J.: 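Dropping the structure in here first, questions after.
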Protein chains: 2
Amino acid sequence: MTGESLNGDRAPSTLAFLLSQVGIHASRLFAERIAEVDLNPPLFRILNLIDAAEGQSQQAIGEGIQVPPSRMVALVDELEQRGLVERRPDPKDRRVRALYLTRKGRSSLARGREIAAAHEEELTAGMSDADRARLTKLLQKMVDQQAIGRGVHPGLSN
Amino acid sequence: MTGESLNGDRAPSTLAFLLSQVGIHASRLFAERIAEVDLNPPLFRILNLIDAAEGQSQQAIGEGIQVPPSRMVALVDELEQRGLVERRPDPKDRRVRALYLTRKGRSSLARGREIAAAHEEELTAGMSDADRARLTKLLQKMVDQQAIGRGVHPGLSN
DNA sequence: TATTGTTATACTCTATAACTATA
DNA sequence: TATAGTTATAGAGTATAACAATA
């Protein structure tokens, strides 16, 4: 969707409008790019989280990012069908399905990270390093000031 | 959703990540604010477009923004149910339903615009005017360079 | 034949609640 | 009783295609 769609038709030069417009463009472009490795952004995110916490349960992994258990089932199902993730029984608690990356999962993740890096470059193509730094700093300032992020917006599941 | 959700878990300081994060925050916040006048962003957008082209047909209004006729029906239905918009017969062509704002529609639109302005301020609270100007300029540069906007991304209906 | 608006239908993404098997 | 995972179900939000009235 365009920024307009989310913001109504207010003047296109407002900061709010520009932020939505550019942010949505960045998200959409990334979704397009990451599809090259048969992933979508939520799956790529979960793959990253599993990599960072291998052996954890589904719910433990979904917990910190407001993904409810039923959604975790669906996401891990998809990763498993693609052969990227394994559910292993946990000998300590037979209710738990501990998550591990497969070899293929690691390779997809690595490729996904390359794509993310390329996306970053694509998005900032034509900008000077100074401008990139400026923009990053200003956006980071907004994130801090608006208290965007971790746990602040409970509705923002994914 | 958080920026993470769209971008996976790559380093939170990348520009792509920040842009998604902030852009989505801006969109979400606006959706929350505009709900105060019993609108959502798509309805507010259509309301603006009707105001800018009163008397036009549904499809004429949906055309420029990639909203298909069937969706226009649903959107105008909602606006009509809220008493904000009227469908009037067009004496020149009896297939056409010309769209007009009601008095209440004008008042909701005005109130919505106030909310949009307040949202703009809220979003940039704590920023200096110089920073706002810098940020606007940099984002505008990205929009130009990435060719974001009108007609460029056909998939971006709304 | 083409066009406006409409309806029917379906698809994606997501959440809530009920269920099962364990604990 | 409580918890991990699962299933069933439902709700946004959206699109495509068939359709009726009119041109």
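Every value quoted in this text rests on a predicted model; they were computed, and no experiment measured them.
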J.: Atom CZ of B:R45 and atom C1' of D:dG13: how far apart are they, to the nearest Å?
T.: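 Going from B:R45 (CZ) to D:dG13 (C1'), I get 13 Å.
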
J.: Which of the following nucleotides, D:dA17, C:dT4, D:dG5, is nearest to the side chain of B:S57?
T.: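 My answer, after comparing the listed nucleotides, is C:dT4.
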
J.: With a 4.5 Å cut-off on side-chain heavy atoms, are B:R82 and B:L43 touching?
T.: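 The answer is yes, as the side chains (C-beta and beyond) meet within the 4.5 Å cut-off.
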
J.: Between C:dT14 atom P and B:I24 atom CD1, what is the distance in whole Å?
T.: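 Going from CD1 in B:I24 over to P in C:dT14 covers 11 Å.
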
J.: Should A:E120 and A:R132 count as an ion pair when the cut-off is N to O under 4.0 Å?
T.: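 Looking at A:E120 and A:R132, the cut-off is not met.
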
J.: Donor-acceptor pair, distance only, cut-off 3.5 Å: does the side chain of A:T102 make one with the backbone of A:G83?
T.: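 It does hold such a pair.
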
J.: What integer distance in Å separates A:L75:CG from C:dT12:P?
T.: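 One finds 15 Å between P of C:dT12 and CG of A:L75, rounded.
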
J.: I'd like to know if B:D131 pairs up with B:R134 as an ion pair, taking the criterion as any Lys NZ or Arg NE/NH1/NH2 lying under 4.0 Å from an Asp or Glu carboxylate oxygen.
T.: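 Salt bridge present between B:D131 and B:R134.
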
J.: For B:D51 and B:L47, indicate whether the former's side chain and the latter's backbone hold a donor-acceptor pair under 3.5 Å.
T.: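 Between the backbone of B:L47 and the side chain of B:D51 there is no qualifying donor-acceptor contact (under 3.5 Å).
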
J.: For the pair made of CD in B:Q59 and P in C:dT4, what is the distance, rounded to whole Å?
T.: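 From B:Q59 CD to C:dT4 P: 5 Å.
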
J.: Distance alone, cut at 3.5 Å: any donor-acceptor contact between the side chains of B:Q81 and B:D77?
T.: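 Side-chain D/A pair, B:Q81 to B:D77: absent.
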
J.: Would you say the base of C:dT16 and the side-chain of A:S70 have a donor-acceptor pair closer than 3.5 Å?
T.: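 Indeed there is one.
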
J.: If you check the B:P68 side chain, which of C:dT6, C:dT16, D:dT16 turns out closest?
T.: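 In terms of side-chain proximity for B:P68, the closest of C:dT6, C:dT16, D:dT16 is D:dT16.
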
J.: Tell me which of A:P69 and B:A74 sits closer to the 5' end of DNA chain D, going by the nucleotide each one is nearest to.
T.: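 The residue closer to the strand's 5' end, by nearest nucleotide, is A:P69.
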
J.: Return the value, rounded to whole Å, for the distance between atom CG of B:N40 and atom P of D:dG11.
T.: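 So the two atoms are 18 Å apart, to the nearest Å.
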
J.: In whole angstrom, give the distance that lies between atom CG of B:D77 and atom P of D:dG13.
T.: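 One finds 15 Å between P of D:dG13 and CG of B:D77, rounded.
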
J.: Please list residues of residues 86-101 of chain B whose heavy atoms come under 4.0 Å from any atom in DNA chain C, ordered by number; otherwise none.
T.: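 B:R87, B:R95, B:V96, B:R97, in order of number.
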
J.: Atom CG in B:L39, atom CG in B:L84: separation rounded to 0.5 Å?
T.: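 The CG atom of B:L39 sits 6.0 Å away from the CG atom of B:L84.
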
J.: May I have the distance from B:M72 (atom CE) to D:dG13 (atom P), rounded to whole angstrom?
T.: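 Taking atom P of D:dG13 as the reference, CE of B:M72 is at 17 Å.
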
